[in-house]
Amino acid sequence: MALSGLDIYKLLPKTNCKECGQPTCLAFAMKLAAKQADLSACPYVSEQSKAALAAAAAPPIRLVTVGTGDKKVEVGNETVLFRHDKTFFHRPGLFVRLTDRMPLAEFEAAVGRIKDYGIERVGITMRVDGIAIENASGDAATFATYAGAAAAKTDQPLVLVATTPAAMAAALEKVGTAAPLIHAATAENWKEMASLAAKYKAPLAIRADNLQALAELTEQVKGTGVEDMVLDPGARDLHGSLVALTQLRRLALKSNFRLLGYPIVTFPGEGAESVQDETVRAAQHIAKYAGIIVLDHFEPAIAYPLLTLRQNIYTDPQKPIQVSAGIYEMNAPKPDSPLLVTTNFSLTYFSVAGEVEASGKPAWLLIVDSEGMSVLTSWAAGKFDAEKIAKSVKQFDVPSRISHKKIVIPGLVAGLSGELEEELPGWEIRVGPREAIDIPAYLKAWS
Ligand code: SF4
């Protein structure tokens with residue numbers, strides 16, 4: 001049961017020393033109750049109070065790690081139902097399921113393809129996170145061979161999917177030190193699976209077909225000392241999984257129901273009528289509220305939109321991704337090459353820079369600090385105006401790099417021309433395309 005702010009206050013030193021960054025112990029207690037502060041910020045809490053406060057200080061959704069090293073996937077520890085309330089912190093891991101019934105060479109080639117896939121967007125390389133291996137053969141030795149083959153081919157995290165503890169034990173003997181996710185403990189096998197999870201210090205997925213049964217199982221598994229769990233509520237269809245995942249998130253955050261305060265694993269391909277249907281389900285799980293998503297198909301045409309959606313949802317809405325302001329060289333420009341100006345919103349920068357590069361035409365790109373906003377948004381907010389552009393021209397010493405006095409502004413803010421002429425006397429203000437895609441044609445016609 002969560003403690004109220006007043007309950008927490010009774011356990012604090014009540015000296016109001018402010019070392020925690022709050023003006024009073026009561027204010028700190030309220031922050032703790034709202035999960036907006038960490039107990040460690042107060043250096044004076046007694047050990048006895050610490051134990052009593054542990055329940056209130058623990059995150060409502062446990063942080064669980066799958067894998068080891070720099071490719072490990074951390075999921076959970078979310079604090080809000082809606083991204084705009086604060087932000088989502090740990091993006092869901094995307095895994096691709098392969099089975100031990102595939103020819104081994106084909107399996108290894110698929111592992112390699114998934115590992116090597118990466119695509120850059122707004123300066124960030126997006127990747128699928130790991131491989132799930134299913135014991136479709138039913139044979140423990142075969143499962144172990146395929147798990148070992150996957151681990152030999154990739155250092156990405158693994159999910160092991162098997163129903164029998166014997167098969168799971170065989171695979172863990174090969175890859176247990178890599179902390180794979182064990183899927184899954186059920187009402188039938190939870191004791192053996194929990195014992196394997198404890199032995200290898202690996203996270204354990206708990207599977208049941210309703211939330212009541214799921215909570216009972218997590219309680220039993222917790223009783224064995226296993227703390228790192230992931231929930232599989234069994235629902236597979238769009239409506240059922242939306243309801244189950246939303247209830248789980250609400251119970252964890254709003255009711256502080258610890259037995260269901262764990263990340264969730266989903267299998268969008270199960271029951272899907274087509275690859276497109278699977279992709280739609282996976283998209284829903286990214287938005288609400290999966291921690292691990294195991295796909296049954298891998299193609300760039302599926303991965304790219306899902307990775308893009310994940311990137312968009314798991315960025316802090318209050319901190320737009322931005323690039324540094326400055327003057328950028330595109331295709332080795334010369335002093336007489338064109339000068340284009342735009343904002344420092346990452347998506348804007350990479351769209352414009354990508355088109356300039358693709359044109360093959362040398363150019364200078366002046367990036368103005370618009371606090372990470374796009375062209376129209378920053379113009380409307382007064383962050384991208386004639387004064388700022390003129391200031392950037394001077395700040396980055398543009399006249400020393402070019403031999404002309406022509407500057408191309410985005411077509412969307414053509415109305416800035418007059419003001420910019422006043423700010424940059426003697427310069428010719430040209431209006432460029434409204435859309436980045438039209439930049440190559442514009443540069444080819446440049447004179
Ligand atoms: Fe109170 Fe501890 Fe904060 Fe000092 S540091 S004001 S004792 S909660």
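Throughout, numbering of the chain's residues begins at 1 and tracks the sequence. Both counts, for ligands and for their atoms, begin at 1 and track the order of listing. Here the structure is a predicted model, which is why all the values come from computation and not from measurement.
For the residue pair Ser241/Gln284, the side-chain donor-acceptor check at 3.5 Å is satisfied. Donor-acceptor pairing under 3.5 Å is lacking for the side chains of Tyr349 and Gln322.
Close approach to Asn16 involves these atoms of ligand 1, each under 4.0 Å from a residue heavy atom: 6 (S). Of all the atoms in ligand 1, the ones that sit under 4.0 Å from a non-hydrogen atom of Pro13 are 7 (S).
What sits closest to atom 7 (S) of ligand 1 on the protein, heavy atoms only, is Thr15 OG1, 3.3 Å. Remark: minimum distance from atom 8 (S) of ligand 1 to any protein heavy atom is reached at Phe28 CD2, 3.4 Å. Nearest to atom 2 (Fe) of ligand 1 among the protein's heavy atoms is Cys42 SG, 2.3 Å. At the shortest separation from atom 4 (Fe) of ligand 1 among protein heavy atoms lies Cys17 SG, 2.3 Å. Remark: minimum distance from atom 5 (S) of ligand 1 to any protein heavy atom is reached at Cys20 N, 3.3 Å.
For atom 1 (Fe) of ligand 1, the set of nearby N, O or S atoms under 2.8 Å includes one belonging to Cys25.
Residue contacts with ligand 1, taken as heavy atom pairs separated by less than 4.0 Å, do not involve Val45 at all. Within the 4.0 Å heavy-atom criterion, neither part of Lys14 lies near ligand 1.
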For this session: Check step by step if salt bridge (charged side-chain N to carboxylate O under 4.0 Å, His left out) holds for Lys391 and Asp369.
Result: CA-CA 10 Å; Lys391 208 170 143 195; Asp369 181 2; over 6 Å; no

Problem set entry | Evaluation steps, side chain to side chain contact (heavy atoms under 4.5 Å, CB included), between Ile407 and Val398 | CA-CA 10 Å; Ile407 185 166; Val398 175; over 6 Å; no

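Residues Lys115 and Lys153 have side chains not in contact (no heavy-atom distance under 4.5 Å, counting atoms from C-beta outward).
Remark: Arg401 fails to qualify as a cation-pi partner of Tyr328 under the 6.0 Å distance and 45° angle criteria applied to the six-membered ring.
Rounded to the nearest 0.5 Å, atoms OG (Ser49) and CG (Leu11) are 4.5 Å apart.
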